[in-house]
Amino acid sequence: MKILPLHSLSGIDVAESDRDPTDAELSAIDAEMPLIRAEVEELDVQISLLDRPATEWDTRRLRRARRKVLAARRDLTNRNGADAPEVA
């Protein structure tokens with residue numbers, strides 16, 4: 001039995017797929033790290049609640065994690081919006 005890949009690799013240049021990220025890509029990832037960390041924290045809380053009922057403490061943890069995600073998204077959006085040109 002032959003196992004076929006889900007996606008054809010014929011359209012991808014091998015050199016392109018093996019390249020390291022550029023400085024611009026690393027900067028973009030670095031700028032998004034607070035959001036990524038907040039989302040991971042929220043996911044950790046959600047995973048911890050999968051197999052048991054939520055207590056008041058768990059509800060607070062989840063609410064706090066969601067607020068961190070929203071704040072990180074707001075900060076990232078505002079930072080990116082500062083670079084946008086003015087709309088007349």
Q: Apply the test side chain to side chain contact (heavy atoms under 4.5 Å, CB included) to residues L70 and R74: give CA-CA distance (whole Å), side-chain angles for both, the deciding distance (0.1 Å), then the verdict.
A: CA-CA 6 Å; L70 290 174; R74 180 199 61 220; over 6 Å; no
Tabulate below the donor-acceptor pairs under 3.5 Å that side-chain atoms of residues 47-56 make, not counting sequence neighbours, or state none.
{"residue": "S48", "atom": "OG", "partner": "V45", "partner atom": "O", "Å": "2.7"}
{"residue": "R52", "atom": "NE", "partner": "S48", "partner atom": "O", "Å": "3.3"}
{"residue": "R52", "atom": "NH1", "partner": "D58", "partner atom": "OD2", "Å": "2.6"}
{"residue": "T55", "atom": "OG1", "partner": "W57", "partner atom": "N", "Å": "3.4"}
{"residue": "T55", "atom": "OG1", "partner": "D58", "partner atom": "N", "Å": "3.2"}
{"residue": "T55", "atom": "OG1", "partner": "D58", "partner atom": "OD2", "Å": "3.1"}

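Annotation: salt bridge (charged side-chain N to carboxylate O under 4.0 Å, His left out) contacts of E39 (sequence neighbours excluded): R73. Not counting sequence neighbours, R37 has no partner by the salt bridge (charged side-chain N to carboxylate O under 4.0 Å, His left out) test.
Q46 has its side chain within reach of R66: a pair of non-hydrogen atoms, C-beta onward, lies under 4.5 Å apart.
The heavy-atom pair separating A72 from A38 by the smallest distance is CB-CB, 4.4 Å.
The distance from the CG atom of D44 to the CG atom of L62 is 11.5 Å, given to the nearest 0.5 Å.
The hydrophobic cluster containing L35 also includes V69, L76, under a criterion of side-chain heavy atoms closer than 4.5 Å among ILVMFWY residues, counted directly or through chains of members.
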